[in-house]
Amino acid sequence: MYWRLATSMLGRGVPRPWLVPTGLRTGSVGCSRWEEEKSADGVKWKQLEHRGPYFVPLYEPLPDDVQFYYDGKPLKLSVATEEIATFYAKMLDHEYTTKEIFQTNFFNDWRKEMTPQEQKIIKHLDKCDFREIHKYFVDKNEARKALSKEEKQKLKEEADKIQEEYGYCILDGHREKIGNFKTEPPGLFRGRGDHPKMGMLKKRIMPEDVIINCSKDSKIPEPPVGHKWKEVRFDNTVTWLASWTENVQNSLKYIMLNPSSKLKGEKDWQKYEVARRLKDVVHKIRAQYQADWKSKEMKKRQRAVALYFIDKLALRAGNEKEEGETADTVGCCSLRVEHIKLHPKLDGQEHVVEFDFLGKDSIRYYNKVSVEKPVFKNLQLFMKNKDPGDDLFDRLNTVILNKHLQNLMNGLTAKVFRTYNASITLQEQLKALTNPEDNVAGKLLSYNRANRAVAILCNHQRSTPKTFEKSMQNLQTKIDAKKQQLEKAEQELKKAEDEFEDTKDAKAEANVQKKKKLLERLKEQLAKLNVQATDKEENKQIALGTSKLNYLDPRISIAWCKKFGVPIEKIYNKTQRAKFAWAIDMTDEDFEF
DNA sequence: AAACGCGACTCAGAAAACTCGGC
DNA sequence: GGCCGAGTTTTCTGAGTCGCGTT
């Protein structure tokens with residue numbers, strides 16, 4: 001990997017490009033010439049060449065014997081109408097289709113695409129019968145699973161060929177993997193949580209919708225035959241290869257590089273370096289916001305309390321969002337009065353704030369936190385004479401907050417606190433939990449626990465896996481069986497020892513040794529199973545992946561692996577190792593975040 | 001100056017696809 | 001030695017953050 005060289009050259013003791021300006025900037029806030037990342041006018045590449053997006057296959061009409069029924073009677077649909085019908089039919093056993101908003105949005109959008117005749121007939125969704133179409137797709141899926149080994153192999157090869165052709169680009173002379181090289185197929189929009197637009201029709205992306213970005217002197221990608229690109233541009237200040245506007249939310253979608261790429265890797269590295277710089281000033285910042293809790297200015301007080309939440313609870317910044325366009329979720333600055341309850345005393349603790357709100361992806365944040373008295377008093381003040389639907393921090397937003405943070409440290413924004421607190425927590429937890437005497441399994445449990453502490457801090461949740469109870473039971477069965485084996489082995493050892501007492505012959509002695517070994521092995525296996533069970537139970541509703549991938553400086557984990565003799569593959573799978581190649585390359589066991 | 005709207009990027013969990021160990 | 005299913009990895013695309021230009 002060519003850039004490994006580059007990164008190793010940038011390792012310890014060697015100035016890192018984006019850190020040099022910081023050093024020079026010390027004490028000279030506002031010197032924009034040295035702003036982070038702007039050193040080269042924001043140029044992201046010199047050369048970019050690619051094939052353009054891979055367009056998902058066009059719709060194939062249903063066979064004639066698969067019918068749609070309206071009001072109990074078969075009805076042949078036009079191809080366009082039928083295609084949209086299949087989107088709904090495919091989702092029939094999904095909870096989405098039971099929701100009224102989903103149904104309404106779908107039906108409205110569907111009717112828009114119908115022919116006038118169809119519009120005249122199809123007036124009510126509840127008279128539509130998609131079950132035969134649904135069954136067709138279920139069967140088709142089954143059939144695909146049942147294909148022979150050779151047929152599957154053939155499909156795999158075709159997919160590999162597409163990946164090979166469209167999945168890579170040339171960036172500054174080097175072949176890099178693309179993250180998402182396929183256009184998103186048409187379908188029904190599925191938002192998270194209570195999304196007002198769920199069920200709307202997401203239209204097919206055509207070459208005419210796509211903007212290509214590449215370098216002028218590169219081989220410009222050919223649009224599919226008979227088609228044209230919307231535009232070809234040569235903008236080297238951005239990292240995307242292609243983009244289009246998505247019709248449901250009217251937002252841009254991009255084709256970008258894979259996390260394993262140099263471009264993304266360096267950005268990731270940079271992110272952690274900013275978080276590490278926060279480490280040096282965080283004590284000062286904390287002292288400052290604590291002082292600001294008593295400020296005369298209400299705006300400052302709100303800023304100080306919000307920042308305290310962001311720091312202590314790792315809340316997200318909380319930008320405003322357009323009402324009615326998305327699910328009603330909030331972050332710190334957008335918290336409303338209804339999202340917190342104040343308890344002067346609760347469960348033996350004083351000044352308890354009870355948080356209950358929906359955050360990103362409509363994941364519930366529920367937490368009871370004992371806070372410092374001034375914070376509590378301030379919150380009472382902020383809530384005074386307000387309705388439940390009013391903003392808690394009415395004089396604050398993310399722009400004001402981030403401007404303030406920028407003054408405290410260059411490159412500092414609200415999200416840096418999440419990165420910083422996540423990484424520092426991992427480092428501290430690893431220090432506290434790792435027992436050098438443990439075997440690898442034991443150490444991995446400690447690692448997972450440290451990781452889990454971070455996931456809890458960041459509120460990374462998952463729904464309990466459908467198979468959880470069952471697999472827990474299976475594990476318990478295994479444990480019980482192992483216990484029995486162990487008991488039996490103990491008895492046999494005792495028997496062997498007695499026999500040796502009697503005979504004192506070499507054969508009996510060897511037998512004792514053999515039984516001892518067996519017992520040891522069983523004990524170890526049992527311990528391992530117990531560890532597994534604990535780990536599993538504790539992980540039931542917690543998602544470790546997000547923090548591992550996005551918040552934890554990989555160098556902490558790599559240093560830990562090296563220090564305690566844990567193979568890196570036990571912590572990071574192949575993809576993760578590719579993403580963190582920059583860190584694997586430069587980190588030794590002494591690394592400190 | 002501050003509100004706004006857009007653009008570009010990171011972060012997010014669900015679902016699909018794949019793998020691998022036990023029978 | 002192939003099949004099954006649980007566990008793991010990869011894909012997918014929606015949901016945030018934050019900066020910038022415009023008004």
Side-chain angles (χ1 to χ4, degrees), chain A residues 35-38 42 44 56 94-96 141 144-146 149 152 155-156 159 163 167 179-185 187 189-193 195 197-198 202 211 213 235 237-240 243 245-246 248-254 256-259 263-264 267-268 271 316-322 325-327 329-334 358-363 397-403 405-406 411-416 418-419 422 455 458-463 465-468 470-472 474-475 478 532 536 541-551 572-576 578:
Chain A
E35 288 291 342
E36 210 101 14
E37 258 205 67
K38 288 186 197 143
K44 305 288 192 336
V56 291
H94 199 288
E95 202 200 333
Y96 271 113
N141 264 333
R144 202 168 45 86
K145 276 183 210 154
K149 220 173 163 184
K152 277 183 183 167
L155 286 176
K156 177 92 177 13
Q163 164 78 40
N180 56 326
F181 59 88
K182 292 178 181 164
T183 58
E184 294 175 15
F189 178 83
R190 310 145 85 125
R192 303 288 186 97
H195 197 114
K197 299 195 172 186
M198 64 168 79
K202 204 172 84 165
I211 302 174
N213 192 35
D235 184 355
T237 68
V238 295
T239 65
W240 52 268
S243 72
T245 301
E246 159 273 341
V248 175
Q249 315 226 64
N250 202 240
S251 66
L252 285 156
K253 296 264 186 177
Y254 302 95
M256 288 187 185
L257 293 180
N258 187 271
L263 199 68
K264 294 283 188 189
K267 198 79 191 297
D268 206 34
K271 174 180 79 186
R316 295 187 185 81
N319 286 313
E320 293 110 301
K321 1 199 275 177
E322 209 174 332
E325 293 293 301
T326 62
T329 62
V330 297
C332 185
C333 293
S334 50
L358 296 182
K360 182 177 181 179
D361 290 326
S362 293
I363 298 290
N397 61 40
T398 55
V399 177
I400 297 172
L401 180 66
N402 279 334
K403 264 187 189 153
L405 293 176
Q406 198 60 230
L412 186 62
T413 61
K415 79 194 273 281
V416 178
R418 254 168 99 80
T419 310
C458 294
N459 199 231
H460 291 142
Q461 298 188 27
R462 62 168 183 180
S463 41
K466 284 185 188 77
T467 53
F468 184 85
K470 198 178 165 200
S471 78
M472 202 67 203
N474 288 348
L475 193 54
K478 267 193 197 167
Q532 250 183 52
K536 200 182 186 93
Q541 286 182 302
I542 297 173
L544 299 183
T546 303
S547 51
K548 200 172 181 178
L549 237 47
N550 302 301
Y551 288 101
Y572 293 133
N573 68 31
K574 205 172 116 220
T575 314
Q576 294 164 338

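Numbers restart at 1 for each chain; the letters A, B, ... are given by sequence-line order, proteins then strands.
Nearer the 5' end of DNA chain C, as judged by each residue's closest nucleotide, is the contact made by A:G179, out of A:G179 and A:G193. Nearest-nucleotide positions on DNA chain B for A:N550 and A:N397 put A:N397 closer to the 5' end. Where A:K415 and A:R462 each meet DNA chain B at their nearest nucleotide, the meeting point lying more 5' is that of A:K415. Summary of the strand contacts: A:N180 and A:A327 both lie near DNA chain C, and taking for each the nucleotide with the nearest heavy atom, the more 5' one is attributed to A:N180.
Residue-level contact check: A:T329 touches the backbone only, with heavy atoms under 4.0 Å from sugar-phosphate atoms and none from bases. At a threshold of 4.0 angstrom between heavy atoms, the contacts of A:S463 are confined to the sugar-phosphate backbone, with no base atom among them. Among the heavy atoms of the strands lying under 4.0 Å from A:Y254 is at least one base atom, whether or not backbone atoms are also near. At the heavy-atom level, A:A414 lies under 4.0 Å from the strands shown only through sugar-phosphate atoms. Across all strands, A:G318 comes closer than 4.0 Å only to sugar-phosphate atoms, never to a base (heavy-atom distances). Nucleic acid contact class of A:P259 (heavy atoms, under 4.0 Å, all strands): none. Within 4.0 Å of A:Q249, counting heavy atoms only, lie sugar-phosphate atoms of the nucleic acid but no base atom. Residue A:I363 is in sugar-phosphate contact alone, with no base atom involved, counting any heavy-atom pair closer than 4.0 Å across all strands shown. Counting non-hydrogen atoms under 4.0 angstrom, A:N319 reaches a base of the nucleic acid. Contacts of A:T398 with the nucleic acid, taken as non-hydrogen atoms under 4.0 Å apart, are absent. Note on A:K536: only backbone sugar-phosphate atoms sit closer than 4.0 angstrom, heavy atoms only; bases stay farther off. Using a 4.0 Å heavy-atom criterion, one finds that A:K145 contacts no nucleic acid atom at all. Among the protein residues, A:G545 comes within range of no part of the nucleic acid, since none of its heavy atoms lies under 4.0 Å from any strand.
In the set B:dC11, B:dC9, B:dA15, the nucleotide with an atom closest to the side chain of A:Y551 is B:dC11. Proximity note for A:K321 (side chain, C-beta onward) versus C:dT17, C:dG16, C:dG19: the nearest is C:dG16. When the nucleotides B:dC9, B:dA15, C:dG19 are ranked by their closest atom to the side chain of A:T413, C:dG19 comes out on top. Ranking B:dA8, C:dT13, B:dT10 by closeness to the A:K264 side chain, first place goes to B:dT10. For A:K267, the side-chain atoms get nearest to B:dC9 when compared with the rest of B:dA12, B:dC9, B:dG7.
A:K253 places its NZ atom 9 Å from the P atom of C:dA15, with the value rounded to the nearest Å. Atoms CH2 (A:W240) and C1' (B:dC9) sit 13 Å apart, rounded to a whole Å. Taking atom NE2 of A:H195 as the reference point, atom P of C:dG14 lies 9 Å away to the nearest angstrom. One atom, NZ of A:K156, and another, P of B:dT19, lie 7 Å apart when rounded to the nearest Å. Across the protein-nucleic acid pair, A:L544 atom CG and B:dA12 atom P stand 14 Å apart, rounded to whole Å. Between the NZ atom of A:K360 and the P atom of B:dG13 there is a distance of 8 Å, given to the nearest Å. Here B:dA3 presents its C1' atom at 10 Å from NZ of A:K403, a figure rounded to the nearest Å. Taking atom CG of A:N459 as the reference point, atom C1' of B:dG13 lies 12 Å away to the nearest angstrom.
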Would you check, one step at a time, whether the test side chain to side chain contact (heavy atoms under 4.5 Å, CB included) holds for A:I363 with A:L358?
CA-CA 5 Å; A:I363 298 290; A:L358 296 182; over 6 Å; no
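A salt bridge is absent between A:K202 and A:E246: the closest approach of a Lys/Arg side-chain nitrogen to an acidic carboxylate oxygen does not fall below 4.0 angstrom.
A:W240 places a side-chain heavy atom less than 4.5 Å from the side chain of A:I211.
For B:dA17, the OP1/OP2 oxygens have no side-chain nitrogen or oxygen of A:K152 closer than 4.0 Å. Considering only side-chain N and O atoms, A:R144 lies under 4.0 angstrom from the phosphate OP1 or OP2 of B:dA17. At least one side-chain nitrogen or oxygen of A:R418 sits closer than 4.0 Å to the OP1 or OP2 atom of B:dA12. For A:T326, no side-chain nitrogen or oxygen approaches OP1 or OP2 of C:dG14 to under 4.0 Å. Within the 4.0 Å cut-off from OP1 or OP2 of B:dA12, at least one side-chain nitrogen or oxygen of A:H460 is found.
Defined by atom type and a distance below 3.5 Å, a donor-acceptor pair is missing between the side-chain atoms of A:E320 and A:S334. Neither side chain, A:K253 nor A:T245, offers a donor N or O lying under 3.5 Å from an acceptor on the other. In the model, A:T326 has a side-chain atom that pairs as donor or acceptor with a side-chain atom of A:K321 under 3.5 Å. Donor-acceptor pairing under 3.5 Å is lacking for the side chains of A:R190 and A:Y96. For the residue pair A:T413 and A:N402, no side-chain donor N or O sits within less than 3.5 Å of a side-chain acceptor on the partner.
A donor and an acceptor atom never sit less than 3.5 Å apart when one is taken from the side chain of A:K182 and the other from the base of C:dC12. With hydrogens and angles ignored, a donor-acceptor pair closer than 3.5 Å exists between the side chain of A:R192 and the base of B:dG13.
Across all strands shown, C:dT13 is found opposite B:dA12 as a Watson-Crick or G-U wobble partner, with both distances under 3.5 Å.
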